Amino acid sequence: MQNLHLKYVEEQYDDSGVLKKFSVHCPSDYNFAYDVVDEIAATEPERPAMVWCNPEGEEHFFSFGSLKYWSDKTANFLLEQGVEKGDMVLVVLRRHYQFWFIALALHKIGAVLVPATFMLKEHDLEYRVNQASVKTIIATNVGDIAQVVDNTLERIPSLKNRILVNGGGGGLTPGLPELLHVEELGLGAALSGEEGICALGVEREGWADFNTCVRKASPEFAPVSTLAADPMIAYFSSGTSGNPKLVLHDARYSLGHLGTAKHWQNVKSDGGVHFTIADTGWGKAVWGKLYGQFLMEACVLTYDFDRFDAVELMGLVDRYKISTLCCPPTMFRMFLNGPKESYKLSSLEYCVCAGEALNPDLLEGWRELTGITLMDGFGQTETPLTVANMPGMTPKLGSMGRPVPLYNTRILDEEGRECKVGQTGEICIEYDVDNRPPGIMLEYYRDSEKTDAAIRDGWYHSGDTAWRDEDGYFFYVGRNDDVIKSSGYRISPFEIESVLHTHPAVLECAVTGVPDEQRGKAIKATIVLQPGFVGSDELTKEIQSFMKQQTAPYKYPRIIAYVDALPKTINNKIRRAVIRATDEQGEVVALGRPPEEHGG
């Protein structure tokens with residue numbers, strides 16, 4: 001290990017070993033693919049970079065040397081297809097290993113990687129392609145995304161190139177998990193090893209065959225001149241209300257994720273494997289399976305599955321001796337609800353989570369099972385990790401930690417003043433346009449109005465609210481639009497949802513405010529029940545009594561609605577705005593609302 005990342009950072013720690021100072025220095029011509037992956041490949045070509053497998057039984061061990069080899073071939077192929085520096089390239093590849101070849105190749109060319117989820121429908125795809133003037137789409141043949149593209153062609157005039165990747169089944173092979181038909185389809189173990197990489201071709205009218213063409217491409221690539229300030233990657237935000245924004249980052253974004261990998265996930269550079277469970281269409285994939293981990297010269301695991309199975313995924317932890325694990329609290333909860341006797345998990349050393357409430361029962365349950373404390377963290381599509389429980393810190397229940405010292409992060413009130421201890425305000429990051437913090441977005445692409453609303457008065461305004469305690473720990477409250485003002489109180493839906501999740505009947509929930517003549521807004525909980533529970537007046541009263549015992553009286557949900565599913569974005573985030581809009585139209589749906597609470 002050459003400690004390559006130390007070329008770019010300065011760090012200081014306090015007497016307890018907790019990070020207290022952290023700065024990043026980026027050369028003007030920095031390029032992640034050349035200066036990190038290729039640099040490691042030049043000095044340690046056999047160093048493990050990624051273990052990749054799928055339910056079909058295919059398995060590959062990629063070194064940094066092999067990632068350079070395949071990304072160089074991919075870059076040559078993409079140039080032949082007409083991809084140019086500055087082009088926006090939409091990449092929809094689930095968890096296929098080809099995503100890593102393509103991401104690095106686009107970085108080398110200087111094109112902009114635009115990852116997207118395979119769950120896009122025609123309207124979603126049309127909006128994204130037109131908003132970014134996408135010229136090239138690289139998509140998987142697994143599922144129906146190629147057909148979605150073809151159905152939309154007449155409405156996306158900027159699109160010139162369609163490239164199709166044979167995903168080798170992607171966990172959708174008929175007969176799984178029994179693995180029937182795998183051998184006769186040429187899948188599974190038949191594709192394992194070097195000879196199986198990109199071995200499966202695919203034919204579809206109007207589409208180029210990625211695998212076949214990349215295998216034929218030259219591995220000798222002439223580097224393209226790029227700058228650190230060049231756009232490198234863009235993500236469409238989750239869009240919980242309205243169309244999603246296109247968040248544009250330059251090459252320094254990758255260096256910002258040193259905080260994510262080293263100072264939160266605590267990845268093990270030698271002898272360990274990091275596992276982040278995220279699809280490549282989501283930002284968490286590059287948070288956990290690319291930039292920071294490779295900067296730390298660490299190895300990652302990628303499992304190209306379709307449906308979540310706790311036993312299956314925990315089996316991977318044991319099989320590949322995973323040392324560090326990152327996934328949302330919901331998944332940790334599913335692991336705990338599964339047959340825990342099936343897990344050994346003896347290799348696990350560190351676990352982190354983010355994205356939703358970390359409940360006390362989950363924290364204690366995971367600690368009891370593994371001896372490991374879950375370390376919460378916070379960031380956005382617009383940023384890397386910005387607030388976290390970092391190695392050496394003692395987490396506080398309900399807190400997402402303290403600000404990562406790479407950024408000057410404060411909680412500001414509506415007048416731009418720093419909030420006092422215990423006062424709720426907006427999480428903001430100091431933003432000097434001429435000396436922009438590494439990793440914070442450049443802009444919302446082609447949306448100057450929203451960019452100016454987010455970056456103003458020397459600060460990036462996150463739109464998320466929190467409060468801090470006397471020790472500087474941040475406690476999440478919610479999105480600005482989600483905070484409920486009731487009877488003079490500012491109430492966090494996140495806090496109430498966190499408590500609701502501890503009730504045995506609650507599988508998922510969303511808390512919103514509904515119009516109320518006396519209070520302004522009344523608290524409403526929309527709940528998806530666990531299997532075996534049925535919504536009723538009796539259950540409503542039970543949940544309300546439970547909440548009154550667990551929270552302040554003004555926080556309990558006066559209205560409870562039971563639904564089969566919550567409205568969500570294609571990135572699986574709950575769309576509270578949809579619930580609010582329905583309620584504000586006078587269509588409040590509530591089962592078991594006690595009569596004495598109506599309007600009172």
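Worth knowing before you read on, the calculation uses all heavy atoms, side chains too, and leaves out hydrogens, waters and symmetry mates. As the structure is a prediction and not an experimental result, all values here were calculated from the model.
- Under a 3.5 Å cut-off, the side chain of S536 and the backbone N or O of L539 do form a donor-acceptor pair.
- Separation of the F308 and F335 ring centroids falls under the 6.0 Å cut-off.
- Taking the charged nitrogens against the carboxylate oxygens, D306 and R94 do have a contact shorter than 4.0 Å, which makes a salt bridge.
- Side-chain contact between F99 and K289 is absent, with no heavy atoms from C-beta onward closer than 4.5 Å.
- Under a 3.5 Å cut-off, the side chain of R128 and the backbone N or O of L125 do not form any donor-acceptor pair.
- Rounding to the nearest 0.5 Å gives a distance of 8.5 Å between CZ of F332 and OG1 of T370.
- Taking CZ from F546 and OG1 from T551, the interatomic distance works out to 9.0 Å, rounded to the nearest 0.5 Å.
- R333 contributes no side-chain N or O that, together with a main-chain N or O of L362, makes up a donor-acceptor pair within less than 3.5 Å.
- Between I145 atom CD1 and D150 atom CG the span is 10.5 Å, to the nearest 0.5 Å.
- Both tests pass for R95 against the ring of F305: distance under 6.0 Å to the centre and angle within 45° of the axis.
- Side-chain N or O atoms of H257 include none that pairs as donor or acceptor with a backbone N or O of Q293 at under 3.5 Å.
- For the atom pair SG (C428) and CD1 (I411), the distance works out to 9.5 Å, reported to the nearest 0.5 Å.
- When atom types are taken as modelled, the side chain of Q380 and the backbone of S462 share a donor-acceptor pair closer than 3.5 angstrom.
- Using modelled atom types, one side-chain atom of S399 and one backbone atom of F474 make a donor-acceptor pair closer than 3.5 Å.
- Judged by distance alone, the side chain of T409 and the main-chain N or O of I429 form no donor-acceptor pair under 3.5 Å.
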*Kindly determine whether E364 and R367 satisfy salt bridge (Lys or Arg N to Asp or Glu O under 4.0 Å), including the steps that lead there.*
CA-CA 5 Å; E364 291 305 317; R367 185 183 292 140; 2.6 Å; yes

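- With a 4.5 Å cut-off on side-chain heavy atoms, L248 and V112 count as touching.
- Residues that satisfy the side chain to side chain donor-acceptor pair (under 3.5 Å) test with D471, not counting sequence neighbours, are K396.
- The backbone N or O of W459 lies less than 3.5 Å from no partner atom in the side chain of R410, so there is not a single donor-acceptor pair.
- A cation-pi arrangement, defined by a distance under 6.0 Å to the six-membered ring centre and an angle within 45 degrees of its axis, is present between K245 and Y444.
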_Let's go through R558 and D516 carefully: what are the C-alpha distance in whole Å and the side-chain angles of both, what is the deciding distance for salt bridge (Lys or Arg N to Asp or Glu O under 4.0 Å) to 0.1 Å, and is it a yes or a no?_
CA-CA 11 Å; R558 296 174 179 272; D516 184 283; over 6 Å; no

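- Looking at C326 and H274, their side chains come closer than 4.5 Å, going by heavy atoms from C-beta outward.
- A donor-acceptor pair under 3.5 Å links the side-chain atoms of S158 to the main chain of V134, judged by distance alone.
- Every pair tested for ring pair (Phe, Tyr, Trp, His ring centres under 6.0 Å) that includes a residue from residues 505-530 fails, sequence neighbours excluded, so the list is empty.
- In this structure the side chain of R468 reaches within 4.5 angstrom of the side chain of V421, judged on heavy atoms.
- You'll find the side chain of P557 stays beyond 4.5 Å of the side chain of V511, heavy atoms only.
- Salt bridge status for R576 with E497: present, with a side-chain N to carboxylate O gap under 4.0 Å.
- Within the 4.5 Å cutoff, no side-chain heavy atoms of T373 are placed close to those of N389.
- Listed by first and then second residue, the salt bridge (Lys or Arg N to Asp or Glu O under 4.0 Å) pairs that reach into residues 379-393 come to none, sequence neighbours excluded.
- In this structure a side-chain-to-backbone donor-acceptor pair under 3.5 Å is present from Y407 to P438.
- Between T540 and Y562, the side chains place a donor N or O and an acceptor N or O closer than 3.5 Å (distance only, hydrogens not considered).
- Between the side chains of Y127 and H123, no donor N or O sits under 3.5 Å from an acceptor N or O.
- M331 pairs in a side-chain contact (heavy atoms from CB on, under 4.5 Å) with only one of the listed residues (I277, L325, L336), which is I277.
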